[in-house]
Amino acid sequence: MALVELRNVIKDYDSNGEKIRALGGVSLAIEPGEFVAIVGRSGCGKSTLLNLAGAMDFPTGGEVLIDGQITSAAGDSTLTELRREKVGFVFQSFQLLHTLSAVENVELPLLLAGRDSARQTAADRLSAVELAGLENRMPHQLSGGQMQRVGIARALVHSPKILLADEPTGNLDNTTGARIMELLVRLTRENQTATLMATHSPEAAAVADVVVTMRDGKVVDIKRK
Amino acid sequence: MSGRLKLFWRLMVKPLGREPVRTTLTIAAVALGVAVVLAMDLAGDAATGSFHSSLETLSGQQDFEITAAGGVPEEIVGKLAELPYDWRITPRIEGFALVADSKRALPLVGLDLIGVAGRIPLPLTKPEALDKIFDANQSSFEDLAKQDSVWVGQSLNKTCGDALELLVNDRALTFTVRGVYPDDAGTGSAILMDMAVAQAALGITGRVDRIFIRIPRGATNSLDEWQRRAQQVLPQGVQLRAAGASTDENRKMLAAFRWNLRLLSYIALIVGAFLIYNTISVSVVRRRAEIGIARAFGASRLQVLLAFLLEAAVIGGAGALLGVPLGRFLATSAVKLMGNTVNALYLSSRPGEITLDPTSAFLAFFTGLFVTLVSAWSPAREAATSAPVEAMARGRVEHSVRVNKTLALGGAAALALLAAAMSRLPPVGGKPAFGYCAALLLVAASVIAIPAFTDAIMRISSRIFSRLLGVEVLLASRSLAGSLRRTSTLVAALSTAVAMMTAVGIMVGSFRQTVVLWMASELPADLYLRPAGSPATDQHPTISLGFSDQLAKLPGVLAIQRLRGYEISYEGKPATLASVELDDSHIEHSSDFLSGSSAESVLAELREKNAVIVSEPFSYKHGVRRRDIIQLALGESRATFRVADVYYDYASERGMILMDRNVLLNYLPDPAPSNIAVFISPGANPANVRAEIERAADRASARILVFANSDLRMQAVQIFDRTFAITYALEAIAVFVAIMGVAGALLALVIDRRRELGLLRYLGASSGQLRKMILAEAGLLGLLSNIAGLCLGIFLSLILIFVINKQSFGWTIRLHWPIAVILSGTSLIWLATVLAGWYPARIAVRLNPVEVIHED
Amino acid sequence: MRTDLRALGALALGFFLPLSLSFAQFQPALPGYRFGFPRDYFNHPDYQTEWWYYTGNLQSLDGHKFGFELTFFRQGVSRDPKQNSAWGLRDIYFAHFALSDLTGKKFFHTERTNRAGPGIAGVSLSLQKIWNGNWSVAWADGEERLTAFADSFALSLALHSQKPPVIHGDNGVSQKSAGPGRGSHYFSETRLSSSGSLTIENRKYSVTGLAWMDHEFFTHQLEANQMGWDWFSIQLDDHTELMLFQIRRKDGSIDPFSAGTFVDAQGRAIHLRASDFQLSPAQDASAAETWSSPVTHARYPVRWQIHVARLNLTLLVTTPLPSQELATRSSFVPSYWEGAILLQGKKNSAAVAGSGYLEMTGYDRPFSVGEF
């Protein structure tokens with residue numbers, strides 16, 4: 001069963017009273033342990049798709065199912081619950097809270113969800129992304145790659161079934177980016193997550209199991225390895 | 001130029017419109033600060049200026065006034081009138097009466113209406129007022145001969161022929177209104193009588209209260225020469241001064257009081273200044289990029305500085321402009337509160353009309369603008385001096401305040417030491433200038449120490465509270481510590497307000513407790529009697545002699561003690577001279593003296609010799625100590641007295657001189673007492689004795705009030721509380737301004753951190769958690785401010801009690817901690833601060849995370 | 001009889017009428033009154049109205065001519081014995097003070113009102129003094145000393161009476177209308193040689209001249225049918241004096257109680273009845289006969305013809321200064337003309353001249369008791 005399924009999803013935005021169609025009937029399904037990359041130019045609807053898949057937004061038309069649950073039917077608290085349980089986000093600009101240390105950033109989803117032994121789990125996750133020993137560094141004391149590792153550790157700290165990554169290597173140099181991609185693939189396999197990554201880098205897309213090409217809010221091509 | 005204007009408009013003014021709520025809050029804070037300052041100024045004028053207006057209107061322009069303790073012998077009027085100069089002599093009787101139906105206390109003025117009517121022009125600033133009295137349609141000279149004739153102001157709503165019942169001293173007297181004059185909406189109102197009628201009503205014989213002299217206009221002789229001419233017929237004890245001198249004395253006496261209130265009123269403005277600082281700082285941080293662009297396109301540093309100062313000026317100007325009408329409005333309430341204080345502590349005055357003169361309005365406006373610009377200076381300068389590249393560099397992160405904690409704490413300690421040193425310096429011109437400097441330095445020390453303090457507390461709170469109260473508190477603590485400068489400014493603002501509240505609370509509480517304890521020792525009698533009517537501190541209505549003589553013979557009365565008060569002027573300052581009966585062996589005295597001597601030994605000295613005791617404020621004001629010799633003008637003579645001791649007195653800020661009744665009777669022979677203390681025989685039922693006294697008063701048709709000892713104390717405490725109501729009101733406004741600032745700042749914080757808030761939603765935070773986090777920030781701000789404010793407030797209270805109070809008023813106040821009051825006050829403030837987070841929290845919850853997460 | 005008219009003047013000032021309330025507290029002027037001096041120079045509190053009236057013509061060494069008037073009134077209000085305050089209203093004291101600069105053609109006048117109060121005004125036999133503030137007459141060393149101070153003028157004179165006091169009327173009473181008590185006790189010092197100084201607008205003049213004093217006290221007030229009066233005090237250069245007055249009634253007729261007194265060089269008084277003399281405004285077309293007041297708009301005849309048949313005396317009365325009206329701004333105090341006059345005429349065919357004072361009342365509005 002697919003962990004994330006989009007059924008003919010349409011998404012419109014209001015921009016100064018004008019309707020802009022971000023997604024125009026997208027259908028997609030991602031299985032556990034599957035790594036899907038979405039490529040396309042800026043504004044093609046990648047981020048919108050990610051937000052819909054992460055229960056951050058509702059579709060205008062069609063349905064989004066997360067682990068079998070239709071998001072448009074759910075309320076705010078159910079969506080929050082869904083995110084807490086099932087979704088992890090990785091961001092292009094890392095989005096670490098600069099006032100929190102590495103380990104505190106990582107444990108944040110656990111704390112927000114009210115889980116126990118957050119600190120230990122977070123430390124474990126940091127080791128898993130090869131950052132053992134840097135737990136108490138503040139974000140500004142870390143390199144870009146290290147920050148993104150912290151971001152990935154944070155995305156996976158609560159063992160989500162779905163991992164969503166928006167241009168995870170966009171702010172990194174090529175070498176670092178490649179290592180981050182390796183890490184993402186490894187973790188996808190280890191944790192059997194359904195991973196959906198938006199990127200416009202061909203190198204990044206190359207590691208994916210499925211590459212979905214989008215243009216103007218529509219899927220124009222799906223390539224499977 | 002137009003380009004620059006456009007730049008200014010785009011960069012500085014337009015953004016203000018983007019955050020209407022926050023801009024409004026800042027403007028409102030300035031407006032309130034300015035309003036309070038102006039209100040206190042206007043109310044001060046109105047509350048203290050009325051004594052002047054009501055009596056002076058009826059005496060007109062005068063050059064000299066003649067007064068004496070206990071009244072001026074009236075023969076002097078004739079002697080002055082006979083001297084070969086074409087001057088005008090206006091004798092006056094002054095008293096107070098309570099209008100029975102409206103319970104309004106008004107000055108009762110006796111003038112020589114025959115002389116007034118016969119002279120042209122009338123000796124009035126508003127001649128038409130008295131002219132009306134003798135309008136053929138209203139009344140005639142015939143009425144002057146009648147013993148019941150009075151003339152009243154329009155504001156009493158009486159017409160000719162109406163009966164007017166007045167309570168004068170302890171008598172209810174009925175008069176007939178013979179004429180009505182215009183009295184300026186009641187502010188200058190007085191009950192006017194002919195001399196003979198006024199003397200009879202007030203029970204005065206052979207004396208007048210004041211004689212005015214108006215020298216001929218155009219006279220070439222010097223004022224000194226005229227003074228010498230008048231002096232030749234005056235006995236020793238009679239004082240001749242420039243007219244209005246006693247009004248000036250009263251004004252001077254009130255100066256310290258007004259000064260203190262005025263300074264207290266600036267607290268709201270100071271709190272407002274912190275908020276301006278905060279607002280402009282936020283503007284600068286937010287518009288870092290814009291500043292960089294502007295600089296890159298050739299804007300000079302000065303232009304950037306001016307742009308931000310102009311932004312501040314727009315906010316400050318708008319606030320100050322709104323503050324002026326608001327101040328006028330607040331003055332109406334302030335004048336009532338202030339009037340209570342003036343009446344209780346200084347002199348009877350009916351608040352006058354509030355007049356918003358352009359000078360006060362402009363002064364308040366420019367003070368507001370000035371404070372705004374001063375507070376905006378530092379962030380504006382920072383914006384101007386940062387390099388264009390640095391400014392353009394993206395980074396929403398507030399550039400972290402590099403707090404050198406050692407240096408900051410060292411500086412704070414140095415300021416505190418300086419404050420301690422200043423608090424030991426003497427007053428300047430009767431004003432505790434150094435005391436205020438010390439207080440200001442302490443506030444400055446606390447402001448410097450606050451970032452380090454905030455940082456420390458936030459560390460603790462992120463460890464301890466987050467474990468107890470959840471991740472939201474951790475995030476809140478970290479967020480507050482992360483924007484340390486902003487947080488510190490807010491804490492400084494709110495803690496200053498809290499500190500003032502605490503300090504004044506401790507002072508008033510200590511004062512109150514001191515008074516309560518003092519009364520317990522100073523009020524030994526069972527019952528106290530005074531004439532019915534208004535109990536102003538500078539009025540000494542008397543109880544009829546006949547009734548007071550009967551009193552001692554009533555069954556159950558062990559002894560009575562008669563007190564008599566007079567208002568005098570001692571070395572240019574108003575003072576109260578009082579005599580008390582000391583020769584009754586039934587009465588045990590238990591007064592508290594500064595020297596620590598026993599009451600019996602001091603009172604023995606009073607009985608035997610020409611000796612007096614003086615109150616602590618008197619001793620302080622005049623530098624008179626135990627064993628000093630003072631000279632008093634009494635009646636027609638001057639006499640010297642030895643100061644046997646100084647006693648604690650909290651009844652009035654006017655200085656008191658107390659002597660034995662028999663001694664004073666030698667100089668001022670009027671035996672009618674102002675108050676009587678009654679001691680009940682052991683075993684007699686107090687309620688029965690009291691009823692007996694009231695029956696005796698009825699028989700003698702004496703209108704007196706009888707207070708049981710406990711009633712009197714309760715009443716005194718009530719008056720005390722009313723007196724200090726205004727200080728609480730001022731603090732409440734300062735706290736209110738600070739809390740508005742907290743709301744505004746939290747709003748700014750929410751807007752600046754919207755990306756972070758969005759992120760938290762991505763990380764699984766519920767909207768409830770976001771709300772809790774913002775409220776936690778508000779709560780932490782409140783907590784920090786309350787802790788800092790309490791610490792600062794305790795130190796400030798010591799300065800208030802032992803330096804400012806002592807130097808302004810001369811009272812010894814024993815320190816007392818009104819813990820319940822302060823705790824409830826701070827809890828209330830804390831609650832209000834948390835509530836101030838409610839609206840920002842709402843905004844935080846409504847943010848769309850998808851929209852804000854990528855904003856940068 | 002001038003007594004009563006002046007009483008009217010005082011009453012006009014004393015608008016505390018009607019006096020029915022207080023009448024019973026005072027005694028009427030009855031025949032048989034025996035004057036005694038110095039006692040009768042002073043106060044008679046049993047009578048309601050009393051005044052002391054000084055007028056005169058003065059001249060400085062360099063020939064500058066002046067007239068003066070200084071008048072003290074006492075009007076009884078109440079004799080209630082319960083009043084014990086010094087400020088109690090027993091009497092009201094009025095005073096008028098006027099200086100006529102006859103050479104400089106300027107007239108100065110002022111007035112004041114007081115009660116006795118604590119020494120503000122009064123009449124005292126023991127102090128030998130009558131005063132109202134710093135206006136006073138004091139008897140000392142056989143002199144009467146007059147002093148008065150006003151804003152721009154002042155007077156200080158020593159008066160020596162050259163004749164004994166002249167008592168007017170019959171048997172100690174100057175009857176004013178039919179009925180007992182309807183008169184006054186009235187006497188004059190008709191020839192007071194005067195010397196002293198006066199000040200006008202900061203200029204001081206040493207002066208000498210002749211003054212006249214009237215003193216009356218009574219209780220009964222005037223009838224209601226009179227309009228006003230004309231009164232003359234005349235000092236002739238043959239060392240004789242003449243006092244004449246006539247009351248004008250509202251119907252234009254002359255009251256039969258008009259009267260006068262002639263004092264011969266030895267000081268003997270001859271009582272003149274209305275039928276003994278005639279007073280009439282001069283019918284001389286060549287000179288200005290009247291003066292109109294710019295303040296009250298009253299027209300005063302300022303040239304008079306006097307004919308006393310009994311003395312074979314004819315006099316023409318003129319004034320060096322027509323504007324000697326004591327106009328008052330108060331609605332209570334009537335305005336009147338009182339000024340220095342010059343006299344020329346014949347007495348028993350011999351030319352005679354003199355100076356004096358003329359008082360005219362009731363020209364601006366009728367006097368009527370109780371209207372004020």
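Order of the sequence lines sets the chain letters (A, B, ...), proteins ahead of strands, with each chain counted from 1.
- Formation of a donor-acceptor pair under 3.5 Å by the A/Arg83 side chain with backbone atoms of B/Leu763 is not found in this model.
- Taking non-hydrogen atoms and a 4.5 Å limit, the residue list of residues 46-65 of chain A in contact with chain B, ordered by number, reads A/Asn51, A/Met56, A/Asp57.
- Taken from CZ in B/Arg761 to CZ in A/Phe89, the straight-line distance is 11.5 Å, to the nearest 0.5 Å.
- Residues A/Arg84 and B/Ser766 have side chains in contact (heavy-atom distance under 4.5 Å, counting atoms from C-beta outward).
- Within the 4.5 angstrom heavy-atom criterion, atoms from both the backbone and the side chain of B/Leu760 approach chain A.
- Residues B/Leu475 and A/Leu108 have side chains in contact (heavy-atom distance under 4.5 Å, counting atoms from C-beta outward).
- Taking a 6.0 Å sphere around CG of A/Asn8, one finds it holds more than 12 heavy atoms contributed by other residues, nucleotides or ligands.
- Note that the CG atom of B/Leu759 and the CZ atom of A/Phe91 stand 5.0 Å from one another [nearest 0.5 Å].
- With a 4.5 Å cut-off on non-hydrogen atoms, A/Glu104 touches chain B through its side chain but not through its backbone.
- At a heavy-atom cut-off of under 4.5 Å, chain B is reached by A/Arg154, A/Asp166 from residues 140-172 of chain A, listed in order of number.
- Below 4.5 Å, heavy atoms of chain B meet heavy atoms from A/Leu112, all part of residues 112-136 of chain A.
- Every residue was checked against the side chain to side chain donor-acceptor pair (under 3.5 Å) condition with A/Arg215, not counting sequence neighbours, and none meets it.
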Practice problem: Kindly determine whether B/Glu756 and A/His98 satisfy side chain to side chain contact (heavy atoms under 4.5 Å, CB included), including the steps that lead there. | Solution: CA-CA 10 Å; B/Glu756 200 176 304; A/His98 63 272; 4.1 Å; yes
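- A heavy-atom distance below 4.5 Å is not found between the side chains of B/Arg753 and A/Leu97.
- Closest approach of A/Asp76 and B/Ser767 over heavy atoms only: OD2-OG, 3.4 Å.
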